[in-house]
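Here is how names work: the chains are called A, B, and so on, in the same order as the sequence lines, proteins then strands, and each is numbered from 1. Just so it is clear, the values below take in all heavy atoms, side chains as well, and ignore hydrogens, waters and symmetry mates.
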Amino acid sequence: MRPSLLTDLTAKVRAAFVAEGLDPAFGRVQISDRPELGQFQSNGALAAAKAAKMNPLSLASQIQTRLETDEWFSNVSITGPGFINIKLMDWVLAQALAASDAILAPAAATRGKVVVDFGGPNVAKAMHVGHLRSSIIGDALQRHLKFAGFDTKSDVHLGDWGKPMGMLITEVKLRRPELPYFDPAFTGPYPVEPPVTMEDLETLYPIAAAASKADPVRDEEARTATAELQQGRAGYRALWRHFIDVSIAGIKREFASLGVYFDLWKGEADVDPLIGPMLTDLKARGIAELDDGALIVRVGEPSDKKEMPPLMLVKRDGGVLYETTDVATIIDRVKSLDPDLVLYVVDQRQHEHFEKVFRGAIKAGYAGKAVLEHVGFGTMNGADGKPFKTRAGGVLKLYDLIEMAKAEAEKRLVEAGIGADYPPEERATVARQVGLAAIKFADLSNYRLTNYIFDLERFTKFEGKTGPYLQYAAVRVKSLLRKAMEEQARPGAIAITAAEERDLALAILRFPDALEETIKVRAPNVMCDYAYTLAQRFSSFYAAHHIMSESDTALRASRLALAALTLRALETALELLGIEVPERM
RNA sequence: GCACCCGUAGCUCAGCUGGAUAGAGCGCUGCCCUCCGAAGGCAGAGGCCAGGGGUUCGAAUCCCUUCGGGUGCGCCA
């Protein structure tokens, strides 16, 4: 973990507690709730006094006496029942800022290996708003993990092996039975040209799904086709391969337009070869058992508040499920990557599924040293509070959502009179960056488990707590620094003198704490808050002190340096959230 | 029925490893551009933290319970 001002302070206060013969855990320091009393506070004396049956005020006083000898502190006071308030010398802030390069730079990968499983697009299905949260949150988390020094591998985990594949095969068969893929006597080679386009698949899938739901005969056909595909029927495999290839091309485009990156493009089908041996192994060791024709693993534990259904590996009809591929994927990842942690950024509604898979994998000894963790999230709802739908009641495609956001951003730019003189390409780029920032920040700034209401008009507003506001704040600093450059005004040594500088410095220096907290709770809204507070503090500073007209050149140089550092911290935070900052807007 | 998530300002949301006077944005009121980008800043009004019990010196935070909303519960993903 990278050190921060807060961790340094905690170390000092801990030392004071230890010197009093108390547990260092009591020395935890936090940002003060009462800024007029101090910049930081420690409430440890209260808890420590309780544990040691001491008087909290006299204990706090002893800690105070020890802390007062430290040259870092300009003031250590006690208020209330024993709160310790701390103010730092301004030179401590200046010194920390001078050394802040270390806290704002990415760390070398020394903290272990993490696999982040997110996105989860399905073959043949257009990506829709349901994929948005997983993609945005997962991407933000992988960026944070990489930056903080974890060897991180993201995997899109394509949905390419379940019953939807069987449904599609039967739908194509119904429409074009003459194709060689359906002729059992055909010995190949099968055509190289795909018989369907991405658009075809997107049309066919909902039809096939509806048919399956409405007609038990069709459903049975789909089930059979899925089983035959999984058992290796050549024509089906060849046709399925086309589905995959056509789909992946489209899916890659979608993720690229979102600015979301994956290290690995694996799918459920990739672990198919592992499934047979895995089932054999589980049966041989008596971990899996037959129950009513299906192969299951009982994963209930005595401590369960309610009965946990078993992990189902093979259905009565011989088909496997995503539970099966998920367990096999753990085997695959442990074998190829041997991670310390695997994060599954998937809708909270699948929580029980993951609980079963994790228990099964651990019971079978497949997880290696990896901690398996489901990072769930809530739904994105429409204005009515129900999961987001288009006006027509359908599912909104991700592509269309992005287009809407771009158009809305464009509208705002026109309203604000920005970019009228920009070249068309730059205008389009800025509209895209602003639209994406609006969507991403709105999504990420809510705690991931809460359901939130999607309101594009509100998200794209340039005022208030929005992505575009943060971009604006960063762009404004860039503009200031450009102007300084033109006027040959150079940044210099930072000296903290004014209240707004102090507040801004403290905000910048909180970056490592925001980073670590985001990772610890796997929740990017922490970093969103950091970025927003930082931008606000800068705005206050900027409004209170006119920099370029400052006649004291040392002071001007200091303030320029503070502005430059703010920009660096803000851009870094936004980058971790997957938000781009234009040069101007 | 059982389990999980949630209920905080008019609206949208933070805060939840217990700590002082519960925060932000929008909206509302009033100020601030002859000066670096006002998409901004400053100040203000607005809350029995769903209700009720309990633990504690101290509860929005932990426990129990009621009500209200969402989700899930063996052969879909």
How would you list, by chain and number, every residue that makes a ring-ring contact (aromatic ring centres under 6.0 Å, His included) with Tyr447(A), sequence neighbours excluded?
-> none
Nearest-angstrom distance from the residue atom CZ of Arg28(A) to P of U17(B) = 8 Å
So which of residues 536-545 of chain A are in contact with RNA chain B, with a heavy-atom cut-off of under 4.0 Å?
-> Gln536(A), Ser539(A), Ser540(A), Tyr542(A), Ala543(A), His545(A)
Looking across every strand, which nucleic acid part, if any, lies under 4.0 Å from Ser549(A) by heavy atom: base, sugar-phosphate, or nothing?
-> nothing
Measure the distance from CG on Asn525(A) to P on G25(B) and round it to the nearest whole Å.
-> 17 Å
Think Ser445(A) has a side-chain N or O under 4.0 angstrom from the OP1 or OP2 of A14(B)?
-> no
What nucleotide, of A20(B), C36(B), A24(B), holds the atom closest to the side chain of Tyr532(A)?
-> A24(B)
In terms of side-chain heavy atoms of Thr450(A), which of A20(B), G37(B), A14(B) is nearest?
-> A14(B)
Readout for nucleotides 56-66 of chain B: B = base within 4.0 Å of protein heavy atom, S = sugar-phosphate only, - = neither; 5' to 3' it is SBB--------
Atom CG of Asn446(A) to atom C1' of A24(B): distance rounded to whole Å?
-> 12 Å
Sole candidate of Tyr344(A), Phe358(A), Phe118(A), Phe354(A) that passes ring pair (Phe, Tyr, Trp, His ring centres under 6.0 Å) when paired with His374(A) | Phe354(A)
Is it the case that more than 12 heavy atoms not belonging to Met485(A) sit under 6.0 Å from its CE atom?
-> no
With a 4.0 Å cut-off on heavy atoms, is Arg412(A) in touch with a base, just the backbone sugar-phosphate, or nothing at all?
-> nothing
P gap between G70(B) and G53(B), integer Å | 28 Å
Nearest-neighbour nucleotide for the Lys465(A) side chain, A20(B), G25(B), C13(B) considered = G25(B)
Check side chain to side chain contact (heavy atoms under 4.5 Å, CB included) between Thr566(A) and all other residues, then give those that pass, not counting sequence neighbours.
-> Leu504(A), Ile508(A), Leu534(A), Phe538(A)
Under the rule of Watson-Crick or G-U wobble with both distances under 3.5 Å, where | means paired to another strand and [ ] a crossing pair, RNA chain B maps to (((((.(..((((.....[...)))).(((((.......))))).....(((((..]....)))))).)))))....
Could you tell me whether Glu487(A) atom CD has more than 12 heavy atoms of other residues or ligands within 6.0 Å of it?
-> yes
Check whether any side-chain heavy atom of Arg559(A) sits under 4.5 Å from a side-chain heavy atom of Leu555(A), and report yes or no.
-> yes
Find the distance Gln471(A):CD to G40(B):P and express it as a whole number of Å.
-> 14 Å
Syn or anti for C33(B) (syn when the glycosidic angle lies within 90° of 0) | syn
Would you say Phe83(A) stacks on A20(B), if stacking means ring centres under 5.5 Å apart and planes within less than 30 degrees?
-> yes
NA contact type, Thr79(A), heavy-atom cut-off 4.0 Å: base, sugar-phosphate, or nothing?
-> base
Aro-ring/base stack His546(A)-C35(B), d under 5.5 Å, angle under 30° = no
For Met308(A), report the nucleic acid contact type (base, sugar-phosphate, nothing); a contact means any heavy atom under 4.0 Å.
-> nothing
Glu487(A) CD to C36(B) P, straight-line distance once rounded to whole Å | 11 Å
Asp291(A) with Arg298(A): basic N within carboxylate O range, under 4.0 Å | yes
Tell me, for nucleotides 71-77 of chain B in 5' to 3' order, what letter each nucleotide earns: B for a base near a protein heavy atom under 4.0 Å, S for only sugar-phosphate near one, - for neither?
-> SBSBBSB
Any chance CZ of Arg490(A) has more than 12 other-residue heavy atoms, nucleotides or ligands included, within less than 6.0 Å?
-> no
